[in-house]
Asker: 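Have a look at this one.
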Amino acid sequence: MIQTIPTTPIDGQKPGTSGLRKKTAIFRQKHYLENFVQSIWDGIGGVAGKVLVLGGDGRAFNREAVQTILKMAAASGAAKVIVGQDGLLSTPAASNLIRIRQADGGVILSASHNPGGDDGDFGVKFNTANGGPAPEGVTNAIFDASTRITEFHIMDAPDLDLGTVGDVQLGQMVVEVVDPVADYAALMEKLFDFTAIRALFNSGFTLRFDAMHAITGPYAREILVNRLGAPAESVMNAVPLPDFGGGHPDPNPVWAHELMGIMMGENAPDFGAASDGDGDRNMIVGRGAYVTPSDSLAVIAANAHLAPGYAQGLAGVARSMPTSAALDRVAEARGLPCYATPTGWKFFGNLLDAGRATLCGEESAGTGSDHVREKDGLWAVLMWLNILAAKRQSVAEVMAAHWAEFGRNYYSRHDYEGVDAAAAETLMDDLRARLDKLAGEAAGPLTVTTAEDFSYTDPVDGSVTTRQGLQIMFDGGARLVLRLSGTGTEGATLRVYMESFSGERFDQDPQAALADVIAAAEALAGIKARLGRDAPDVVT
Ligand code: G1P
Ligand code: ZN
């Protein structure tokens with residue numbers, strides 16, 4: 001039976017950089033999820049007759065939310081929902097399913113790398129028929145619907161058993177339960193040289209992949225262990241848990257410290273990698289050699305042709321604006337178009353769809369290609385394994401050779417988390433107001449050459465996105481970017497991105513190499529005093 005339940009708008013259901021993210025407890029409040037899901041249906045013009053993909057990263061509230069969304073899709077006349085077994089799908093696997101099944105879109109349940117559990121975060125994201133995150137026009141329509149909602153529709157039915165692969169009926173709607181891993185693993189097998197990677201493992205090459213108790217555990221086991229022959233102990237923290245074992249499933253040296261300890265210790269494996277809560281981020285680390293995401297992107301751009309799926313070369317490359325220009329150096333040397341977009345994967349969608357870019361990446365540990373429309377953690381790991389299998393070099397050797405050829409972009413991001421939102425806004429507003437007059441001014445030890453509030457005109461559809469971060473260039477080529485996070489759930493998070501280039505010295509500690517830019521940031525923005533902090537919370 002279909003029920004129509006009266007409701008009233010709930011404040012703040014505005015999707016951010018990547019969907020709607022809130023505390024799990026907020027999503028559990030009466031009608032919170034239902035209001036937002038109905039707003040998605042309303043914002044996209046209804047779901048009657050449509051086919052959707054549904055799944056999440058298994059964090060707390062995933063199971064309950066999947067059941068609610070299925071009942072709401074059925075009540076609004078959806079023809080079919082393809083759902084991962086037990087309600088699970090990694091974000092890249094969901095993107096792939098939307099594409100290969102030619103679905104009309106999908107709902108992904110995740111707050112990505114944010115901690116999960118009853119006290120953690122939850123999230124809901126809508127992806128469109130290309131498999132990618134909904135563009136601004138769609139997310140605005142969803143938000144708009146959330147401000148006008150008066151009722152939602154839901155089937156009054158018992159919860160479905162999603163533990164068995166196969167079709168189940170929910171009213172008129174078909175629920176197809178699929179193996180979350182199979183199609184994704186098949187795609188990876190098409191893109192990469194599994195024979196060469198298997199031979200690499202057979203030669204004694206050792207790997208440690210940290211699934212961080214999140215969604216990639218089953219994917220990594222199937223692909224790395226079952227299909228590629230790595231020993232079972234190569235995958236650690238492989239069982240997805242609703243609270244990620246109490247951890248923070250963000251693959252960077254700070255949060256993946258267990259893996260970092262192994263990789264920097266004695267008898268370290270040859271290669272280490274990690275992925276985040278929903279499987280779209282990656283960290284790459286060799287024995288004693290951490291690779292920044294910006295460098296990883298550049299190395300992949302320079303070597304992707306070694307993987308069968310990219311043997312024809314790349315049509316173009318793209319990075320988010322705060323990501324280092326290491327990519328640009330490869331693009332220039334290889335004659336590839338190179339785009340700089342605002343932060344957030346959704347801005348790559350048009351470039352990928354139009355065939356202008358094959359490879360994309362962000363400094364926040366996101367790398368991917370046109371094989372899906374999300375960044376893809378295991379894809380990046382397999383790409384690196386393919387490169388190492390072809391070159392038979394260590395990660396450190398690959399990096400040394402890369403810098404010798406292209407130079408090194410020293411890079412770091414300093415995050416001030418959970419700061420007072422008003423103070424952070426004022427900091428940004430004050431600096432923004434001074435941008436026009438900064439050129440030629442001293443900033444600590446450096447001098448400003450140009451300063452802008454980054455805005456982006458999409459070359460495919462002409463849409464303009466403004467206020468995407470303050471970008472300041474200095475004499476000598478160093479760069480500073482400041483922006484406020486769009487994914488946080490408490491207060492504000494200020495992100496300060498710093499970069500400088502050296503064509504000669506490749507062995508410096510990044511914080512030392514960037515000391516002048518760090519000083520310039522403080523001189524320009526007075527971060528510590530304004531935010532009442534002595535130091536950043538996270539340095540990556
Ligand atoms: C952060 C990252 C951004 C990434 C997004 C979703 O967004 O900085 O690159 O696309 O998470 O994973 P932010 O919190 O900075 O808005
Ligand atoms: Zn993620």
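Order of appearance sets the numbers: ligands from 1, and atoms from 1 within every ligand. Note that the numbering runs from 1 along the sequence shown for the chain.
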Asker: Please calculate the OD1(D280)-the Zn ion (ligand 2)-OG(S112) angle and round it to 10 degrees.
Answerer: 160°
Asker: Quiz question: by atom type and distance under 3.5 Å, do the side chains of N282 and T367 form a donor-acceptor pair?
Answerer: yes
Asker: Centre of F501's six-membered ring, under 6.0 Å away, within 45 degrees of the axis: is that where NZ or CZ of R329 sits?
Answerer: yes
Asker: I need the contact type for S364 against ligand 1. Using non-hydrogen atoms and a strict under-4.0 Å cut-off, is it side chain, backbone, both or neither?
Answerer: side chain
Asker: E362 heavy atoms, cut-off 4.0 Å: which ligand 1 atoms fall inside?
Answerer: 3 (C), 4 (C), 9 (O), 10 (O)
Asker: If you consider just the N/O/S atoms, which atom of D278 is the closest one to the Zn ion (ligand 2)?
Answerer: OD1
Asker: Nearest heavy atom to atom 16 (O) of ligand 1 wins, so pick from G486, G19, A111.
Answerer: G486
Asker: Below 4.0 angstrom from a heavy atom of R483, which ligand 1 atoms are there? Numbered from 1 as shown, please.
Answerer: 8 (O), 13 (P), 15 (O), 16 (O)
Asker: Between the Zn ion (ligand 2) and D276, which N, O or S atom of the residue is the nearest one?
Answerer: OD2
Asker: Determine, for D183 against R101, whether the closest basic-nitrogen to carboxylate-oxygen distance falls under 4.0 angstrom.
Answerer: no
Asker: Considering only heavy atoms of R495, which atoms of ligand 1 have at least one such atom less than 4.0 Å away?
Answerer: 8 (O), 13 (P), 14 (O), 15 (O)
Asker: Salt-bridge test for E363 and R495: reply yes if a basic N is under 4.0 Å from a carboxylate O, no otherwise.
Answerer: no
Asker: Among L336, L314, D370, whose side chain to side chain contact (heavy atoms under 4.5 Å, CB included) with L359 holds?
Answerer: L314
Asker: If you measure from the Lys or Arg side-chain nitrogens to the Asp or Glu carboxylate oxygens, is any gap between R432 and D453 under 4.0 Å?
Answerer: yes
Asker: May I ask you to list the atoms of ligand 1 that are less than 4.0 angstrom from any heavy atom of K375?
Answerer: 4 (C), 6 (C), 10 (O), 12 (O)
Asker: Checking a contact table here: which protein heavy atom is nearest atom 14 (O) of ligand 1, and how many Å away?
Answerer: T487 OG1, 2.4 Å
Asker: Does ligand 1 come near enough to R281 that some N or O of the ligand is less than 3.5 Å from an N or O of the residue?
Answerer: yes
Asker: Looking only at side chains, do R479 and Q471 share a donor and an acceptor under 3.5 Å apart?
Answerer: yes
Asker: Quick test of your reading of the model: are K23 and D121 salt-bridged, counting only N-O distances below 4.0 Å?
Answerer: yes
Asker: Looking at F143, I'd like to know if the NZ or CZ of K14 sits under 6.0 Å from its six-membered ring centre while staying within 45 degrees of the ring's axis.
Answerer: yes
Asker: Mark up the atoms of ligand 1 that fall under 4.0 Å of a heavy atom belonging to G344, in ascending order.
Answerer: 10 (O)
Asker: What atoms of ligand 1 come within less than 4.0 Å of a heavy atom belonging to T343?
Answerer: 3 (C), 8 (O), 9 (O)
Asker: Heavy-atom contact under 4.0 Å between S320 and ligand 1?
Answerer: no
